[in-house]
Amino acid sequence: MSAGITAGARRGLRIAHLFPELLNLYGDSGNMLVLKRRLAWRGLGCEVVEVSLGESLGFSDVDIVFMGGGTDREQRIVCERLLSWRDEIASYVADGGVLVAVCGGYQLLGHYYQLGGEKVRGLGLVDLYTDRAEPRLIGNVAVRSRVSPQPIVGYENHGGRTHLGPGVEPLGTVAYGFGNDGSSGQEGCLSNNVLGTYVHGPLLPKNPGVADYLLSRALERKYGQGSLEPLDDGEELAANKVMYDRMMAGAVPVR
Ligand code: GLN
């Protein structure tokens, strides 16, 4: 386990970044920089703990758990380790712990990821499952979600099709791109303080609303107070708008 910036005696959050050496597609690790920086701008501390395969982790003093995306091969590799933590992660989530998972990580939150005749077991934390189909769903994506005042913009590339159980809330609805399965119009999942999504890019730099949603949930759980000082997000929102406008002006119709 290697520590990043430490919080000292200040108020702050501890983020566990699971398997960065394996689950890190399309800049997913950049999400940690955004969380850390948005806390620092508000005078709050942040410790990012990178947890590699084979290292141990206690969930009792963790405030945000992050898992990025990975290839099918990498998902198979981390699956066993993740399952060995199933009970600890389930208790963390039941206690309101914030868990963010992107693409390959998102798929592993569910019951399983079916790869032809092979079933990669997931954590079963959220009532969802994933199967695989052709073609891969690749391209820019925009999602309207209650967690963000702006549409969430990013990039997706997955062979998996994720199907939510009847009671599971999606992160949002697809405004452009494919989302969970290319046909339901749903993207991601929201369950307790668990957020799953196919959005890479990475997710947070152009979507400050999502970053603050996660920080606010984690601060609320830790200190009983999750309100955040507003920041000047002019650049982030300009980047968001450029991408969104580009998508809306593109050939693929709005769903
Ligand atoms: N391997 C998974 C899929 O193809 C996840 C890919 C990803 O994380 N981008 O569906």
Side-chain angles (χ1 to χ4, degrees), residues 16-32 34 50-53 64-83 89 99-143 152-165 168 170-172 174 176-190 194-207 210 214 243 247:
H17 182 188
L18 303 193
F19 321 126
E21 76 283 22
L22 288 162
L23 300 182
N24 177 26
L25 287 178
Y26 310 112
D28 286 339
S29 293
N31 291 311
M32 264 46 67
V34 174
E50 295 194 340
V51 186
S52 301
L53 202 73
I64 298 179
V65 173
F66 179 85
M67 267 197 294
T71 61
D72 296 349
R73 187 188 70 87
E74 290 161 337
Q75 288 172 277
R76 283 190 194 97
I77 296 171
V78 302
C79 157
E80 207 177 304
R81 184 69 182 118
L82 267 183
L83 289 173
I89 299 181
L99 170 54
V100 194
V102 176
C103 203
Y106 166 38
Q107 294 168 347
L108 293 174
L109 298 180
H111 303 297
Y112 59 84
Y113 176 26
Q114 186 78 42
L115 282 163
E118 179 193 357
K119 198 168 256 187
V120 178
R121 275 186 62 206
L123 287 162
L125 292 173
V126 183
D127 181 20
L128 62 85
Y129 71 93
T130 301
D131 47 23
R132 206 175 198 294
E134 294 296 332
R136 293 189 71 78
L137 305 178
I138 305 173
N140 291 319
V141 58
V143 180
I152 300 169
V153 298
Y155 176 77
E156 61 183 326
N157 181 353
H158 48 108
R161 270 60 168 170
T162 296
H163 310 279
L164 304 183
V168 180
L171 171 62
V174 177
Y176 186 98
F178 300 105
N180 280 346
D181 61 0
S183 60
S184 65
Q186 298 182 330
E187 207 294 312
C189 73
L190 269 181
V194 177
L195 187 157
T197 180
Y198 274 110
V199 179
H200 292 284
L203 170 68
L204 300 177
K206 289 198 273 298
N207 299 302
V210 182
L214 299 168
M243 283 310 301
M247 282 185 252

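No hydrogens, no waters, no symmetry mates; every other heavy atom, side chains included, goes into these values. Just so you know, ligand 1 is whichever comes first in the structure, and atom 1 is the first atom listed for that ligand.
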Which ligand 1 atoms does T71 reach within 4.0 Å, using its non-hydrogen atoms?
-> 1 (N)
For side-chain contact (heavy atoms from CB on, under 4.5 Å), just list the numbers for E50 and M32, CA-CA rounded to whole Å, side-chain angles, deciding distance to a tenth of an Å, and then say yes or no.
-> CA-CA 10 Å; E50 295 194 340; M32 264 46 67; over 6 Å; no
For atom 5 (C) of ligand 1, closest protein heavy-atom neighbour = G70 O, 3.2 Å
Looking at CD of E187 and CZ of F178, how far apart are the two atoms once the value is rounded to the nearest 0.5 Å?
-> 12.5 Å
Rounded distance (nearest 0.5 Å) linking atom OH of Y112 with atom CG of L128 = 10.0 Å
Subset of ligand 1 atoms that lie under 4.0 Å from at least one heavy atom of G159 | 3 (C), 4 (O), 10 (O)
Answer yes or no: does an N/O atom from Y26 fall short of 3.5 Å to an N/O atom of ligand 1?
-> no
Considering only heavy atoms of N157, which atoms of ligand 1 have at least one such atom less than 4.0 Å away?
-> 6 (C), 7 (C), 9 (N)
Looking at C103, which atoms of ligand 1 are within less than 4.0 Å of one of its heavy atoms?
-> 5 (C), 6 (C), 7 (C), 8 (O), 9 (N)
Measuring from K206:NZ to M243:CE, what's the distance to the nearest 0.5 Å?
-> 6.0 Å
Close-contact set for ligand 1 against D72 heavy atoms, below 4.0 Å = 1 (N), 2 (C), 3 (C), 4 (O)
Should you measure from each heavy atom of G104, which atoms of ligand 1 turn up under 4.0 Å away?
-> 5 (C), 7 (C), 8 (O)
For E74 and ligand 1, answer yes if some heavy atom of the residue is under 4.0 Å from a ligand atom, otherwise no.
-> no
Ligand 1 versus Y113, non-hydrogen atoms closer than 4.0 Å: side chain, backbone, both, neither?
-> side chain
The single option from D131, T130, N180 passing side-chain hydrogen bond (donor to acceptor under 3.5 Å, both in side chains) against H163 | D131
Should you measure from each heavy atom of G69, which atoms of ligand 1 turn up under 4.0 Å away?
-> 8 (O)
In this structure, atom 2 (C) of ligand 1 is nearest to the protein heavy atom Q75 OE1, 3.2 Å
Nearest heavy-atom neighbours spanning Y106 and G196 = CD1-CA, 3.5 Å
Using 30° and 60° as the class limits, which term best fits the ring planes of H158 and Y198: parallel, tilted or perpendicular?
-> parallel
What atoms in ligand 1 come closer than 4.0 Å to a heavy atom of G160?
-> 3 (C), 10 (O)
From CZ (R121) to CG (L82), nearest 0.5 Å | 11.5 Å
Do V199 and V210 come close enough that some side-chain heavy atom pair is under 4.5 Å?
-> no
Heavy-atom contact under 4.0 Å between R136 and ligand 1?
-> yes
Could you tell me which non-hydrogen atom of H200 sits nearest to which non-hydrogen atom of G69, and how far apart they are?
-> CE1-CA, 4.0 Å
Does any N/O atom on H200 come nearer than 3.5 Å to any N/O atom on ligand 1?
-> yes
